[in-house]
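Written out below as structure tokens is the structure these notes cover.
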Amino acid sequence: MVIAMANICREPSRTFGEYLLIPGYSSKECVVENVSLKTPAVRFKRGEQPAISLNVPLVSAIMQSVSDNNMAVALAREGGMSFIYASQSIEKEAEMVAKVKNYKAGYVQSESNLRHDMTLADVLALKGKTGHSTMAVTEDGTGNSKLLGIVTGRDYRVSRMSTDTPVSEFMTPFDKLITAPSNTTLSEANDLIWEHKLNSLPIISDDGKLKYFVFRKDYEEHKENLDSLLDSEKRYMVGAGINSRDYSERVPALVEAGADLLCIDSSEGFTEWQKITLGWVKSQYGDSVKIGAGNVVDREGFRFLADNGADFIKVGIGGGSICITREQKGIGRGQATSLIEVCDERNKYFEETGIYVPICSDGGIVHDYHMTLALAMGADFIMLGRYFSRFDESPTNKLMINGSYVKEYWGEGSNRARNWQRYDMGGDPSLTFEEGVDSYVPYAGPLKDNVTRSLSKVRSTMCNCGCMSISELHENAKLTVVSSTSIVEGGAHDVILKESKV
């Protein structure tokens, strides 16, 4: 008889909220404008450059409620990357990838469309859902049929009009619109906008069908977005999720559609299924197709995936805001502890092999400063779900709940998503119990505004630490564990706060 017991980690697993950064010496050159957030996204050898890098260290989660083609374009415009969700048909996922790759910067496909026989009530409902004030009126109510007119906020007054007024009575009809043919360049379109003092310019095909809008506001954004993540053909870059079941059909479709980076979407990556999936992709495509894997929470999991060819490795189990894996199954680990251990092993692997495998921290981000902590602990980039789900560009509905705007947000392990492939352990193709919840998150507005604010905090904190790049932060950051009373001390305390006036 062999007497044995479980291998017990004596140290508690910790979260980001239990750490603070200690300031370091900052030179006069260490200012926010000089901080680079460029970071490797895929493995590379010592002395070489990675085939794919991100201009900012943010990627959006492989989730139905987060990452579609609209999110992918918006995030790539800011320098990050979205991973289109895999819990849909192969054809639909490939179509979303293709939309991103075919997206013409500055040319916007109409997402808010009306028929002429709809009413003001329909206009208001559509505006509440999408937030768009410019709506195309087309022959069949889709964004690519014959254009009949446009409705903007200047065309109606809710206080003076009945909500059952037909759109045809107050829209700006086609014969009063200034439009441009489909061969119009972006520069020419912007000249027309400025010449005629327009807010938007419809781009029309030869047979009168709506192709795109060009918006005045996008002109300034285009000039500002110097960090846009573009491929060699100046197209936005996009990632895509896959699973360990139908990869032999899904991967070829996604590669043909133009996906720049793949990632196995799984709650747990230390499995033979991921080894098989990675092996198949590498045997079919060699090094031409890049693929990440995960998730893992310790050094053994990292070694397993690194040795099997993962181009980046995701860290985190149970730390997502909608994830209930820990309470359902009792597995997981505090995100900070997981990240510190895995990144330590990543560094050892690099010393031994000369191969650097980037780490993606997935989960556990509650506050913006947690992003900086994750990077300081060794992450190369961060995957976020709840954070991005709050923005205009996420694919979920915007609703009014108890007087406040919210957006829907649900986990891939919820009954709503039914993404059994993500939790697949080789058994029956079904989801026998939930590992995610269905929820709301506070609506936060446009992605650009929020990402700009968050990354400003990251850059500022890096300057406080005397670091002007993520690699310098990895090398020089100093962190301290904080006590429960220290956490209280860190917020406003022992004062009577004034009520903020909106």
Side-chain angles (χ1 to χ4, degrees), residues 34-59 76 79-81 83 101 226-240 242 251 254-255 258-264 269 274-275 277-294 296 299 301-315 339 342-362 374-383 462 467-477:
N34 292 337
V35 172
S36 170
L37 294 179
K38 189 167 184 176
T39 190
V42 296
R43 66 162 60 203
F44 61 95
K45 294 179 180 178
R46 183 184 281 113
E48 298 180 355
Q49 293 297 314
I52 300 173
S53 293
L54 305 174
N55 291 330
V56 300
L58 303 180
V59 299
M81 182 182 287
F83 284 87
K101 301 308 293 185
L226 301 178
D227 283 333
S228 292
L229 191 64
L230 306 174
D231 64 16
S232 59
E233 299 177 31
K234 304 300 182 182
R235 302 175 301 176
Y236 287 130
M237 298 184 74
V238 60
I242 67 169
V251 170
L254 296 175
V255 170
D260 297 284
L261 182 56
L262 305 178
C263 183
I264 303 173
Q274 294 222 1
K275 176 180 179 179
T277 305
L278 289 168
W280 185 89
V281 171
K282 295 302 179 182
S283 68
Q284 294 295 312
Y285 296 96
D287 202 38
S288 65
V289 171
K290 306 296 184 181
I291 177 171
V296 297
R299 59 184 74 251
F302 169 84
R303 282 276 172 171
F304 175 78
L305 292 177
D307 288 341
N308 281 288
D311 287 296
F312 70 87
I313 293 173
K314 282 205 295 155
V315 174
L339 193 55
V342 170
C343 290
D344 179 63
E345 192 65 20
R346 183 268 317 277
N347 295 344
K348 292 178 180 177
Y349 190 84
F350 179 60
E351 292 173 4
E352 295 170 13
T353 66
I355 297 172
Y356 187 91
V357 182
I359 297 299
C360 171
S361 178
D362 179 17
L375 296 172
M377 290 172 183
D380 296 280
F381 55 100
I382 305 158
M383 179 170 280
M462 289 173 63
C467 302
M468 291 193 290
S469 68
I470 292 174
S471 60
E472 285 185 15
L473 190 65
H474 288 172
E475 183 177 354
N476 299 322

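Each residue takes its place number in the sequence, starting with 1. Just so we're clear, the structure is a prediction, and the values are computed from it rather than from any experiment. Computed from heavy atoms alone, side chains included, the values below leave out hydrogens, waters and symmetry copies.
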task: Go through the structure and list residues passing ring-ring contact (aromatic ring centres under 6.0 Å, His included) with F44, not counting sequence neighbours.
output: Y356
- line: Nearest heavy-atom approach of A240 to L254 is CB-CD1, 3.8 Å
query: Going through the distances and angles, do M462 and L37 end up as a side chain to side chain contact (heavy atoms under 4.5 Å, CB included)?
result: CA-CA 10 Å; M462 289 173 63; L37 294 179; 3.6 Å; yes
- prompt: Is there a side-chain contact between D311 and K282, using heavy atoms and a 4.5 Å cut-off?
  reply: yes
- prompt: Can you find a pair of side-chain heavy atoms, one from D231 and one from K101, that are under 4.5 Å apart?
  reply: yes
task: Report yes if the side chains of W280 and V251 come closer than 4.5 Å at any heavy-atom pair, otherwise no.
output: yes
message: So I355 and F350, do their side chains get closer than 4.5 Å, heavy atoms only?
response: no
field: Salt-bridge present (K290, D260; N to O < 4.0 Å)
entry: no
message: Using side-chain heavy atoms (C-beta onward) and a distance below 4.5 Å, is M237 in contact with L261?
response: no
message: Filter on salt bridge (charged side-chain N to carboxylate O under 4.0 Å, His left out), then keep only pairs touching residues 36-57, sequence neighbours left out; what's left?
response: none
- prompt: Short question: side chain of H474, backbone of A376 - any donor-acceptor pair under 3.5 Å?
  reply: no
message: Once side chain to side chain donor-acceptor pair (under 3.5 Å) is applied, do any residues pair with R303, and if so which ones, sequence neighbours excluded?
response: E345, E352
query: Of all residues at least two apart in sequence or in a different chain, which pass the salt bridge (charged side-chain N to carboxylate O under 4.0 Å, His left out) check with K275?
result: none
message: Within the 4.5 Å heavy-atom criterion, are F302 and V315 side-chain neighbours or not?
response: no
- request: Apply side chain to side chain contact (heavy atoms under 4.5 Å, CB included) to the pair Y236 and L230, showing each step before the final yes or no.
  value: CA-CA 5 Å; Y236 287 130; L230 306 174; 3.6 Å; yes
task: For A310 and V357, work out which heavy atoms get closest and say how close.
output: O-CG1, 3.9 Å
query: Any side-chain heavy-atom pair from F83 and M383 closer than 4.5 angstrom?
result: yes
Residue pair L305 / Q274, side-chain heavy-atom distance below 4.5 Å: yes
field: Exercise: identify the closest heavy-atom pair between S228 and N55
entry: O-ND2, 3.4 Å
message: Could you work out, with salt bridge (charged side-chain N to carboxylate O under 4.0 Å, His left out) as the rule, every residue matching E233, not counting sequence neighbours?
response: R235
- request: Taking all non-hydrogen atoms of both residues into account, name the closest pair between D380 and I470 and its distance.
  value: O-CD1, 4.2 Å
- request: Could I get the full list of side chain to side chain donor-acceptor pair (under 3.5 Å) partners for S471, not counting sequence neighbours?
  value: S469
field: Donor-acceptor pair, side chain of R346 and main chain of G378, under 3.5 angstrom
entry: yes
